[in-house]
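Source: prediction; values computed, not measured. This chain uses plain numbering: 1 for the first residue, then up along the sequence.
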Amino acid sequence: MNLIFLGPPGAGKGTQTKKLIEEFGFIHLSTGDILRQLIRSRDTLGLQAQIYMDQGKLVPDGLILEMIQTKMEKKCGYIFDGFPRTIDQASALDKIVPVDHVVYLFLSHDVILKRLTGRRVCEKCGKEYHIEFMPSSLKDSCELCKGRLYQREDDRPFVIENRLSVYEKQTKPLLEYYHEKLIRIEACGNVLSIDQENIKKIGLSTHKAMSQCCS
Ligand code: AMP
């Protein structure tokens, strides 16, 4: 089975996929995380992408597709997080693997803004915190690796507005593209109840998670 997590920036796509990954063994493919990792390691593709990311724009489809293909070794068992983000990316993905369900996480504009402006990320390991909802017990350092916590360039208020308008124009049309596979989940509740809703609506079992699209 392959799943896509779709939703505006700040919907918690990464957070909501964690349980599915731990419990059912999905492989998490977050294009945002992969890009940030490439930037940290000063990779050429990452540095090219950073120019777009810092402005809240989408990285060109060609770069994203090249990157995602190098990460995919099999046909199923993936959770795509933050990918696809355009119709062209979606139709390219259709040619690589089948998509079983698309989980659409939705929430209000105010909650999105609060989540994004308060987010802090560890510069070493990438773990995310929130100054209000999930602060680090070590204040400005990461609880896991003691790395410094920073605010993503694209989580600054004027860039956030740009990301949200890019989402409306370029990514939201995917709701129509995937309308037959769409599972809608309101993403402002607690992680546990959203997880349970997810698992129930997808009708997940370990066997199904790992086998369905390969059969
Ligand atoms: P995210 O962590 O998913 O919010 O992504 C952060 C930024 O990375 C986005 O604002 C884009 O600039 C870039 N990005 C991530 N995934 C994609 C994608 N599938 N297509 C284009 N740009 C992307």
>> For Lys127, I'd like to know if atom NZ has over 12 heavy atoms of other residues, nucleotides or ligands within 6.0 Å.
In response: yes
> Nearest heavy-atom pair of Met1 and Phe26: which atoms, and what distance?
Replying inline: O-CE2, 3.5 Å
> Salt-bridged, Asp154 to Arg163, with N to O below 4.0 Å?
Replying inline: yes
>> Looking at Ser136 and Ser141, would you say the former's side chain and the latter's main chain have a donor-acceptor pair under 3.5 Å?
In response: yes
>> Testing Asp155, Leu116, Val159, Ile160 one by one against Pro9 for a side chain to side chain contact (heavy atoms under 4.5 Å, CB included), which residue passes?
In response: Leu116
> For the hydrophobic clusters of this structure (ILVMFWY residues joined by side-chain heavy atoms under 4.5 Å, transitively), does one cluster hold both Val99 and Leu174?
Replying inline: yes
> How far apart are the closest heavy atoms of Leu149 and Lys139, and which atoms are they?
Replying inline: CD1-O, 3.6 Å
> Quick one: do Leu38 and Phe80 end up in the same hydrophobic cluster if we chain Ile, Leu, Val, Met, Phe, Trp and Tyr together by side-chain heavy atoms under 4.5 Å apart?
Replying inline: yes
> Taking all atoms of both residues into account, what is the closest heavy-atom pair of Lys71 and Ile34, and its distance?
Replying inline: CE-CG2, 3.7 Å
> Would Val166 end up clustered with Ile87 when hydrophobic side chains under 4.5 Å apart are linked, directly or stepwise?
Replying inline: no
> Can you tell me how far the CG atom of Asn2 sits from the NZ atom of Lys75, to the nearest 0.5 Å?
Replying inline: 9.5 Å
>> For residues Leu175 and Leu164: do they belong to one hydrophobic cluster (side chain heavy atoms under 4.5 Å, members Ile, Leu, Val, Met, Phe, Trp, Tyr)?
In response: no
> When you look at Arg85 and Asp61, which way does the salt bridge (Lys or Arg N to Asp or Glu O under 4.0 Å) test go after all the steps?
Replying inline: CA-CA 9 Å; Arg85 260 177 155 101; Asp61 290 339; over 6 Å; no
> What is the distance from atom CG of Leu35 to atom OG of Ser30, rounded to the nearest 0.5 Å?
Replying inline: 8.0 Å
>> Is the positively charged end of Arg120 above the ring of Tyr150, judged by distance under 6.0 angstrom from the centroid and angle within 45° of the axis?
In response: no
> Any chance the side chains of Asp94 and Tyr177 put a donor and an acceptor closer than 3.5 Å?
Replying inline: yes
>> Check whether Glu161 reaches the backbone of Pro157 with its side chain - one donor and one acceptor, N or O, closer than 3.5 Å.
In response: no
>> Side chains of Ser137 and Glu143 only: does a donor on one sit below 3.5 Å from an acceptor on the other?
In response: yes
> Does a side-chain N-to-carboxylate-O contact under 4.0 Å join Arg119 and Glu128?
Replying inline: yes
> Linking I/L/V/M/F/W/Y whenever their side-chain heavy atoms sit closer than 4.5 Å, directly or via other members, would Val59 and Leu6 fall into one cluster?
Replying inline: yes
>> If we ignore hydrogens and angles and just use 3.5 Å, is the side chain of Asp100 paired with the main-chain N or O of Leu3 as donor and acceptor?
In response: no
>> Surrounding CZ of Phe106 (heavy atoms of other residues, nucleotides or ligands, distance under 6.0 Å), is the total greater than 12?
In response: yes
> Taking everything shown except Lys181 itself, do over 12 heavy atoms lie less than 6.0 Å from its NZ?
Replying inline: yes
